[in-house]
Amino acid sequence: MSPLYSSIDQSNFLTSYSATNAYDDFAEGTAFWAASFYHFSYVITLPTGEHFDLLEKYRHSLAYQPKREWLENFYGEFAKKQKRQQIQE
């Protein structure tokens, strides 16, 4: 794995962009929460052929867990409302 993705993988940031400032960190977290909620995938293929699954980090990283839990609590009411609407449809 490239040094950039390897170092991001060990951090509590999802991407190098999210590491630039708190606003971008929140924006990236929101995008990944939505992608996870709607069951999207986000896999980067490096020039070496290696694959880096960013949503896998969002879902399972211990380093990112506090941020993920905060986002899930923050968007919790929205998520509950969406699930109720899906059940009714």
Side-chain angles (χ1 to χ4, degrees):
M1 184 177 296
S2 78
L4 172 65
Y5 287 103
S6 182
S7 64
I8 290 171
D9 196 40
Q10 301 302 315
S11 75
N12 68 343
F13 296 104
L14 293 169
T15 65
S16 58
Y17 177 69
S18 67
T20 60
N21 63 62
Y23 299 109
D24 294 334
D25 189 24
F26 178 75
E28 289 284 274
T30 297
F32 280 78
W33 174 85
S36 183
F37 182 78
Y38 291 108
H39 308 288
F40 296 147
S41 63
Y42 188 7
V43 178
I44 295 172
T45 302
L46 303 176
T48 61
E50 294 173 275
H51 301 285
F52 187 73
D53 186 341
L54 292 168
L55 278 174
E56 197 62 28
K57 178 175 181 175
Y58 173 83
R59 292 179 183 121
H60 302 292
S61 168
L62 293 178
Y64 195 75
Q65 182 177 355
K67 290 182 182 180
R68 181 182 62 250
E69 289 173 353
W70 187 90
L71 286 164
E72 289 172 355
N73 286 330
F74 184 76
Y75 291 113
E77 287 305 312
F78 169 81
K80 289 176 190 172
K81 182 179 178 183
Q82 289 295 310
K83 288 190 188 275
R84 283 194 300 269
Q85 286 178 348
Q86 288 172 355
I87 291 169
Q88 292 173 355
E89 294 174 355

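Just so we're clear, the structure is a prediction, and the values are computed from it rather than from any experiment.
- Of all heavy-atom pairs spanning Leu54 and Phe32, the tightest one is CB-CE2, 3.3 Å.
- Although no hydrogens or angles enter the test, the distance criterion places no donor-acceptor pair under 3.5 Å between the side chain of Asp24 and the main chain of Thr20.
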Start with the C-alpha gap between Val43 and Phe52, add the side-chain angles, then the distance that decides, and say whether side chain to side chain contact (heavy atoms under 4.5 Å, CB included) holds.
CA-CA 6 Å; Val43 178; Phe52 187 73; over 6 Å; no

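- Side chains of Leu71 and Phe37 form no contact here, defined as non-hydrogen atoms less than 4.5 Å apart.
- Contact detail for Asp53 and Tyr42: the closest heavy-atom pair is OD1-O, 3.5 Å.
- A pairwise comparison of heavy atoms in Arg68 and His60 identifies NH1-N, 3.9 Å as the closest pair.
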List the steps and the verdict of side chain to side chain contact (heavy atoms under 4.5 Å, CB included) for Lys57 and Leu14.
CA-CA 7 Å; Lys57 178 175 181 175; Leu14 293 169; 4.3 Å; yes

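- Between atom OH of residue Tyr17 and atom OG1 of residue Thr15 there is a gap of 8.5 Å, rounded to the nearest 0.5 Å.
- Side chain of Ser36 to main chain of Trp33: no donor-acceptor pair is present (N/O by atom type, distance under 3.5 Å, no hydrogens or angles).
- When all heavy atoms of Ser11 and Ala63 are compared, the pair lying nearest together is O-CB, 3.4 Å.
- Counted within 6.0 Å of CZ on Phe26, heavy atoms from surrounding residues, nucleotides or ligands total more than 12; the atom is thus considered enclosed.
- To the nearest 0.5 angstrom, Asp25 atom CG is 9.5 Å from Thr30 atom OG1.
- Residues Phe40 and Arg59 share a closest heavy-atom pair of O-NH2, 3.4 Å.
- Geometrically, Lys67 engages Phe13 in a cation-pi contact, judged by NZ or CZ lying under 6.0 Å from the ring centre and within 45° of the ring axis.
- Placement of Leu55 and Leu46 within a single hydrophobic cluster is found when ILVMFWY residues are connected by side-chain heavy-atom separations under 4.5 Å, directly or transitively.
- Residue Trp70 is grouped with residue Tyr58 when hydrophobic side chains (ILVMFWY) are merged at heavy-atom distances under 4.5 angstrom, including chains of intermediate members.
- Ser61 meets the side-chain hydrogen bond (donor to acceptor under 3.5 Å, both in side chains) test with no other residue; sequence neighbours excluded.
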